[in-house]
Amino acid sequence: MKRLLVPALLCSPVAMAAADLDMANKIRHEGFHQSQVMHTLEHLTDNIGPRLTASPQMVKANHWTLKQLQDWGLKNGQLHPFEFGRGWSSESASITLAGPRQQSLHGIPVAWTPGTNGVVSGDVMMFDVNTVSDLAQYAGKLKGKILLMGEDLKIEPPKTVIFERLSAKTLGDLKDYEPGARASYQSFMTNALRDSRMQSYKFNQALSAFLEKEQVAGVIYRSSRQGGLVRVFGKSHKQGETFPVPAIIIEQEDYSLLTRMLDRKEQPKLDLDIKARFHDDDMKSYNTIAEIPGTDKNAEVVMVGGHLDSWHASDGAVDNGAGVAVAMEAVRILSKLNVKPKRTIRIALWSGEEQGLYGSRAYVDEFFATRPEPKDPAEKALPRYLWSSPGWPIQPKAAYDKLSVYFNMDNGSGRFRGIYTEGNIAAKPMLSDWFGPYSDLSTGTISPLSTGGTDHESFDDVGLPGFQFIQDPLDYSTRLHHTHIDSIDHVIEDDLKQASVIMAGFLYEAAMADKKLPRKPMPTAPSEVQQQRLDLETEKERRTRELEGKKALETKVVY
Ligand SMILES: [Zn+2]
């Protein structure tokens with residue numbers, strides 16, 4: 001049955017009062033007929049290119065976005081600094097099969113690993129270790145070798161649909177509340193989780209020391225996507241923790257070829273030539289910030305953003321150039337329309353997202369709410385994800401009560417089909433109303449569910465309303481996420497225009513509404529009983545995982 005989409009505003013007197021319809025028309029006109037969103041994205045991707053956190057290109061992107069926002073009339077522009085660590089960049093990398101026959105292979109260096117300092121040649125060897133005790137068997141055998149990091153897995157025929165838009169059925173399912181779901185902001189640490197993370201951390205430290213001592217020439221990782229896609233990641237960016245040997249990720253098909261040669265005792269030889277550099281002149285990285293100042297409620301703030309940093313494999317068009325371009329386009333539209341919002345509209349283009357939400361966490365910590373750090377200096381020196389507690393109680397700062405909402409876009413470049421409320425059901429009526437003037441463009445599904453893995457979490461974790469829109473997945477997860485083909489070719493212009501128009505509409509309505517968006521209660525430490533139950537649950541999960549034999553060579557924090 002064909003369903004008629006009746007705009008909510010036509011039938012609801014509440015909505016009639018909520019949405020500024022003249023403004024909605026102006027936003028649509030500017031966003032659809034005077035759009036600059038692809039122009040912005042093209043500059044970020046084709047001109048600037050990959051934007052690895054703290055790399056020279058990321059700094060270039062910071063300066064360009066700041067200037068662009070200022071040219072559009074935004075005020076109070078600044079680059080907000082936070083502590084990060086070493087910068088890294090790679091100019092070129094080649095990996096060649098030099099024997100028993102010649103062939104160019106396709107690989108991209110692991111971020112924050114050293115270059116080869118000229119061509120390095122070596123015999124390939126399988127190196128399959130999962131625990132510290134596995135290392136001993138390789139002592140004295142690895143000098144000058146190039147190691148395959150882990151056994152080969154069979155490449156299965158693809159089972160998933162590559163490109164997808166959400167069906168009415170899927171959107172309908174997203175409306176269901178799951179009473180058992182853990183609240184999104186309950187980022188509790190459990191003993192079992194911490195134990196397994198500590199184990200991986202210690203293993204990685206032992207592995208680094210071992211590879212260096214054994215004078216390994218280089219290591220090779222298998223891409224986590226098949227079909228020629230090289231999907232990248234990084235090693236530690238902290239000073240004093242740098243991975244000691246050149247490391248490169250290659251296509252699954254190339255990796256399989258090398259393992260088959262090893263199985264047949266046809267000793268493969270490789271030439272590696274990786275040019276990579278560390279940048280240690282500035283241990284900080286920067287978020288780009290700018291504002292459309294508010295009028296009578298100017299101390300109150302509505303925020304929008306995406307992450308400006310990307311991985312180094314490609315231009316970071318979908319992850320997350322698209323989110324940045326949409327956030328920038330939304331404020332450009334509003335600035336062009338010369339809006340005079342009651343609340344200040346602030347854009348934040350984060351850095352360090354891919355390594356663990358560094359930029360947005362630092363910003364929230366500095367301006368909205370802070371959390372106590374571990375008292376034990378040894379624990380404090382560990383990465384944050386290894387701390388025994390996220391830090392209780394949350395200590396709100398003066399601006400905590402001034403933020404109405406933060407809207408983030410980082411689920412690829414697909415159009416907006418609705419919004420996840422992160423369990424903040426009370427926000428539903430306002431959010432529904434704001435979709436009203438755009439109901440021909442979006443189903444406007446309001447989901448009670450949570451979605452994780454990106455910068456809205458930094459807000460949600462301390463009880464501030466931070467949302468992600470529900471987006472059509474397109475081919476984000478199947479092909480583009482952190483791979484070497486994340487280029488502007490895979491971005492659909494109409495989807496970005498739609499997202500920009502809705503984002504601008506939401507920002508305007510949030511900035512003009514009589515009230516701020518409702519909030520969830522401020523998160524508090526788990527009770528003793530709750531903590532015990534969580535510990536039991538995670539311990540059970542851990543044992544099940546062990547039984548299933550799902551062992552990962554390394555635990556990487558990837559977003
Ligand atoms: Zn992302």
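These figures come from a predicted structure and were not determined experimentally.
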Got a salt bridge between [X] and [Y], using NZ or NE/NH1/NH2 to carboxylate O under 4.0 Å?
{"X": "Glu373", "Y": "Lys380", "answer": "yes"}
{"X": "Arg86", "Y": "Asp280", "answer": "yes"}
{"X": "Arg479", "Y": "Asp486", "answer": "no"}
{"X": "Lys342", "Y": "Asp514", "answer": "yes"}
{"X": "Glu539", "Y": "Arg543", "answer": "yes"}

What I want to check is whether the side chains of [X] and [Y] have a donor and an acceptor closer together than 3.5 Å.
{"X": "Gln468", "Y": "Asn411", "value": "yes"}
{"X": "Asp475", "Y": "Thr478", "value": "no"}
{"X": "Thr445", "Y": "Ser447", "value": "no"}
{"X": "Ser89", "Y": "His279", "value": "yes"}
{"X": "Ser236", "Y": "Glu241", "value": "yes"}
{"X": "Glu291", "Y": "Asn76", "value": "yes"}
{"X": "Asp455", "Y": "Ser360", "value": "yes"}
{"X": "Asp282", "Y": "Tyr286", "value": "yes"}
{"X": "Glu379", "Y": "Ser388", "value": "yes"}

ring-ring contact (aromatic ring centres under 6.0 Å, His included) pairs touching residues 504-529, sequence neighbours excluded, are Phe407-Phe506, Trp434-Phe506, Phe435-Phe506, Phe469-Phe506

How would you list all residue pairs meeting ring-ring contact (aromatic ring centres under 6.0 Å, His included) that involve residues 515-537, not counting sequence neighbours? none

Tell me if a side-chain donor or acceptor on [X] pairs with a main-chain N or O of [Y] at a distance below 3.5 Å.
{"X": "Arg417", "Y": "Ile470", "value": "no"}
{"X": "Gln531", "Y": "Pro526", "value": "no"}
{"X": "Ser310", "Y": "Arg51", "value": "yes"}

Please lay out, stage by stage, how Asp401 and Lys516 fare under the test salt bridge (Lys or Arg N to Asp or Glu O under 4.0 Å). CA-CA 9 Å; Asp401 290 327; Lys516 300 196 299 280; over 6 Å; no

Applying side chain to side chain contact (heavy atoms under 4.5 Å, CB included), run through Phe82 and Asp365 and close with a yes or a no. CA-CA 11 Å; Phe82 61 92; Asp365 190 72; over 6 Å; no

Could you work out, with side-chain hydrogen bond (donor to acceptor under 3.5 Å, both in side chains) as the rule, every residue matching Thr40, not counting sequence neighbours? none

Is [X] atom [atom1] crowded by more than 12 heavy atoms from other residues, nucleotides or ligands, each under 6.0 Å away?
{"X": "Gln199", "atom1": "CD", "result": "no"}
{"X": "Lys284", "atom1": "NZ", "result": "no"}
{"X": "Lys397", "atom1": "NZ", "result": "yes"}

Apply side-chain hydrogen bond (donor to acceptor under 3.5 Å, both in side chains) to residues Thr288 and Thr65 and explain how you reach the verdict. CA-CA 7 Å; Thr288 303; Thr65 47; 3.1 Å; yes

For His80, ring pair (Phe, Tyr, Trp, His ring centres under 6.0 Å) partners two or more places apart: Tyr363, Phe367

In chain order, what residues pass the ring pair (Phe, Tyr, Trp, His ring centres under 6.0 Å) check against Tyr201, with sequence neighbours excluded? none

side-chain hydrogen bond (donor to acceptor under 3.5 Å, both in side chains), that's the test. Do His307 and Asn408 meet it? Break it down for me. CA-CA 9 Å; His307 66 89; Asn408 192 71; over 6 Å; no

Show your reasoning for whether ring-ring contact (aromatic ring centres under 6.0 Å, His included) applies to His237 and Tyr358. CA-CA 12 Å; His237 55 268; Tyr358 279 84; 5.2 Å; yes

Please assess Asp460 against Lys520 for the test salt bridge (Lys or Arg N to Asp or Glu O under 4.0 Å), listing each intermediate value before the final yes or no. CA-CA 9 Å; Asp460 189 67; Lys520 294 183 286 192; 2.8 Å; yes

Check the pair Val219, Phe127 against side chain to side chain contact (heavy atoms under 4.5 Å, CB included), reporting the backbone distance first and the verdict last. CA-CA 9 Å; Val219 300; Phe127 183 70; over 6 Å; no

So which heavy atom on [X] is nearest to which on [Y], and how close?
{"X": "Trp311", "Y": "Leu52", "value": "CE3-CD1, 3.6 Å"}
{"X": "Ala276", "Y": "Thr113", "value": "CB-O, 3.8 Å"}
{"X": "His456", "Y": "Phe467", "value": "CB-N, 3.9 Å"}

Only residue of His482, His481, His490 satisfying ring pair (Phe, Tyr, Trp, His ring centres under 6.0 Å) with Tyr476 is His481

According to salt bridge (charged side-chain N to carboxylate O under 4.0 Å, His left out), who are the partners of Arg225, at least two apart in sequence or on a separate chain? none

Apply the test side chain to side chain contact (heavy atoms under 4.5 Å, CB included) to residues Leu334 and Leu507: give CA-CA distance (whole Å), side-chain angles for both, the deciding distance (0.1 Å), then the verdict. CA-CA 9 Å; Leu334 296 176; Leu507 285 176; 3.9 Å; yes

When you measure from the centre of the six-membered ring of Trp88, is the NZ or CZ of Arg277 under 6.0 Å away and within 45° of the axis? no

Interatomic spacing from CG in Leu517 to CG in Asn424 - rounded to 0.5 Å: 7.0 Å

The reported gap from CZ in Arg371 to CZ in Arg384 (rounded to nearest 0.5 angstrom) is 8.5 Å

Candidate pair Asp309 and Gln355, rule side chain to side chain contact (heavy atoms under 4.5 Å, CB included), full reasoning: CA-CA 10 Å; Asp309 67 297; Gln355 289 71 44; 4.0 Å; yes

